[in-house]
*Asks:* 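Below is one structure. I have some questions about it.
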Amino acid sequence: MKLRVVTIGKPALEFARLGILEYSKRLAACAEFELLQLKPGTKKNDPMVKLLRAPEPGDHFIALDESGESMGSTTFSHRLERLQDTGIRRITMFVGGGEGLPDEVLRDVHLRLCLGRMTMQHELAAVVLLEQLYRAITIQQGSPYHREGRLADRM
């Protein structure tokens, strides 16, 4: 299954740029991965809406949204795995810019995903999403990267 993350613009924050670069490299090493950093569009000509309106067979669209479904890392990993098992060939995940995502994207995606209840800057949200995608893949592969429950055992 291919993973594609779509953001608006390149990150201005250096730490975000480095985080996006790091997790993009990690993802590319263990999965078919593509990062699209699109130029902002207009309401009538939004590049994210264009992508959503031209799906290929087997496409599945997910938008980051503060009112979306929240899930743990393991559940997220299993959800991605189930999508692949049902014939989904590519998952495209949209991260909005400073103004969020266009209403058409939020309305028409298959899933709206919340990374947490706290508001975060959009470039940081992209880093968190990429890390969670990498974590999901490593969970599927049985890698020791994910250590769920170990912290709880120490408390």
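The model shown is predicted, which means the values in this text are computed figures rather than measured ones.
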*Asks:* Is there side-chain contact between Ile137 and Arg26, with at least one heavy-atom pair below 4.5 Å?
*Replies:*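 Of all side-chain heavy-atom pairs linking Arg26 with Ile137, none is under 4.5 Å.
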
*Asks:* Determine all donor-acceptor pairs shorter than 3.5 Å in which one atom belongs to a side chain in residues 91-103; sequence neighbours excluded.
*Replies:*
| residue | atom | partner | partner atom | Å |
| --- | --- | --- | --- | --- |
| Thr92 | OG1 | Arg4 | NE | 3.0 |
| Thr92 | OG1 | Arg4 | NH2 | 2.9 |

*Asks:* What I want to find out is whether Arg90 reaches Glu56 closely enough, with some N-O distance under 4.0 Å, to be called a salt bridge.
*Replies:*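 A salt bridge links Arg90 with Glu56.
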
*Asks:* With rounding to the nearest 0.5 Å, note down the distance linking CD1 in Ile62 to CZ in Arg112.
*Replies:*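 The CD1 atom of Ile62 sits 13.0 Å away from the CZ atom of Arg112.
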
*Asks:* Treat each ILVMFWY residue as a node, draw an edge where side-chain heavy atoms are under 4.5 Å apart, and state whether Leu36 and Leu129 are in one component.
*Replies:*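 Not linked; separate clusters.
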
*Asks:* If you compare all heavy atoms of Leu52 against all heavy atoms of Val105, which two are closest, and at what distance to 0.1 Å?
*Replies:*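 Looking at all heavy atoms of both residues, the shortest contact is CD2-CA, 3.6 Å.
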
*Asks:* Determine the minimum heavy-atom distance between Pro47 and Pro40, stating which atoms define it.
*Replies:*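 Heavy atoms of Pro47 and Pro40 come nearest at CD-C, 4.5 Å.
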
*Asks:* Roughly how far, to the nearest 0.5 Å, is the CZ atom of Phe15 from the CG atom of Leu124?
*Replies:*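 With rounding to 0.5 Å, CG (Leu124) is 5.5 Å from CZ (Phe15).
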
*Asks:* Give the minimum heavy-atom separation between Lys10 and Glu123, together with the two atoms involved.
*Replies:*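 Looking at all heavy atoms of both residues, the closest pair is O-OE2, 4.1 Å.
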
*Asks:* For residues Cys114 and Glu69, determine if any side-chain heavy atom of one lies less than 4.5 Å from a side-chain heavy atom of the other.
*Replies:*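 In short, these two side chains do not touch, never coming nearer than 4.5 Å.
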
*Asks:* Looking only at atom types and distance, does a side-chain atom of Ser143 sit under 3.5 Å from a main-chain N or O of Thr138, one as donor and one as acceptor?
*Replies:*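 Answer holds: no.
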
*Asks:* Any chance you could measure Ser24, atom OG, to Leu35, atom CG, to the nearest 0.5 Å?
*Replies:*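 Here the rounded value is 4.5 Å.
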
*Asks:* Are more than 12 heavy atoms, taken from residues, nucleotides or ligands other than Glu131, located less than 6.0 Å from that residue's CD atom?
*Replies:*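 Yes, CD of Glu131 has more than 12 neighbouring heavy atoms, counting only those of other groups under 6.0 Å.
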
*Asks:* Quick one: do Val49 and Leu64 end up in the same hydrophobic cluster if we chain Ile, Leu, Val, Met, Phe, Trp and Tyr together by side-chain heavy atoms under 4.5 Å apart?
*Replies:*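 Not linked; separate clusters.
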
*Asks:* Applying a strict under-4.5 Å side-chain criterion to I, L, V, M, F, W and Y, I'd like to know whether Val127 and Leu38 cluster together.
*Replies:*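 Val127 and Leu38: separate clusters.
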
*Asks:* Quick check: closest heavy atoms across Phe61 and Val109, and the distance to 0.1 Å?
*Replies:*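 Where Phe61 meets Val109 most closely, the heavy atoms are O-CB, 3.5 Å.
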
*Asks:* Treat each ILVMFWY residue as a node, draw an edge where side-chain heavy atoms are under 4.5 Å apart, and state whether Phe33 and Leu51 are in one component.
*Replies:*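 No, it is not one cluster - the side chains of Phe33 and Leu51 are not joined through contacts under 4.5 Å.
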
*Asks:* Within the side chain of Glu34, is there an N or O that forms a donor-acceptor pair under 3.5 Å with the backbone of Leu3?
*Replies:*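 No, Glu34 side chain to Leu3 backbone: no donor-acceptor pair under 3.5 Å.
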
*Asks:* Taking 4.0 angstrom as the limit, do Arg17 and Glu22 come out as a salt bridge?
*Replies:*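 Salt bridge between Arg17 and Glu22, a charged N being under 4.0 Å from a carboxylate O: no.
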
*Asks:* About how many Å separate CE of Met71 and NE2 of His78, when rounded to the nearest 0.5 Å?
*Replies:*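 Those atoms lie 12.0 Å apart.
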
*Asks:* Please tell me if the side chains of His122 and Ile8 come closer than 4.5 Å, counting only heavy atoms from C-beta onward.
*Replies:*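 No. Closest side-chain heavy atoms not under 4.5 Å.
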
*Asks:* About how many Å separate NZ of Lys2 and CD1 of Ile88, when rounded to the nearest 0.5 Å?
*Replies:*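 Taking CD1 in Ile88 and NZ in Lys2, the distance rounds to 13.5 Å.
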
*Asks:* To the nearest 0.5 Å, tell me how far Asp46 CG sits from Glu104 CD.
*Replies:*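 So the CG of Asp46 and the CD of Glu104 are separated by 7.5 Å.
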
*Asks:* If you group Ile, Leu, Val, Met, Phe, Trp and Tyr by side-chain heavy-atom gaps below 4.5 Å, do Leu113 and Val5 land in one group?
*Replies:*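 In one cluster with Leu113: Val5, yes.
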
*Asks:* Between Gly9 and Thr7, which heavy-atom pair has the shortest distance, and what is it?
*Replies:*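 Closest approach of Gly9 to Thr7, heavy atoms only: O-OG1, 3.5 Å.
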
*Asks:* Which pair of non-hydrogen atoms, one from Ala136 and one from Ser77, has the smallest distance, and what is that distance?
*Replies:*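 Closest pair (atom of Ala136, atom of Ser77, distance): O-OG, 2.8 Å.
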
*Asks:* Are any non-hydrogen side-chain atoms of Val6 and Gln37 less than 4.5 angstrom apart?
*Replies:*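 Counting from C-beta outward, Val6 and Gln37 never come under 4.5 Å.
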
*Asks:* Taking C-beta and beyond as the side chain, do Gln132 and Ser73 meet within less than 4.5 Å on heavy atoms?
*Replies:*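 In short, these two side chains touch, coming nearer than 4.5 Å.
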
*Asks:* Got Arg53 and Asp108 here, is their nearest side-chain heavy-atom distance under 4.5 Å?
*Replies:*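 With C-beta onward as the side chain, the pair touches.
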
*Asks:* Working note: Arg79 + Leu111, criterion side chain to side chain contact (heavy atoms under 4.5 Å, CB included); need CA distance, chi angles, decisive distance, verdict.
*Replies:* CA-CA 11 Å; Arg79 176 81 62 97; Leu111 172 68; 3.7 Å; yes

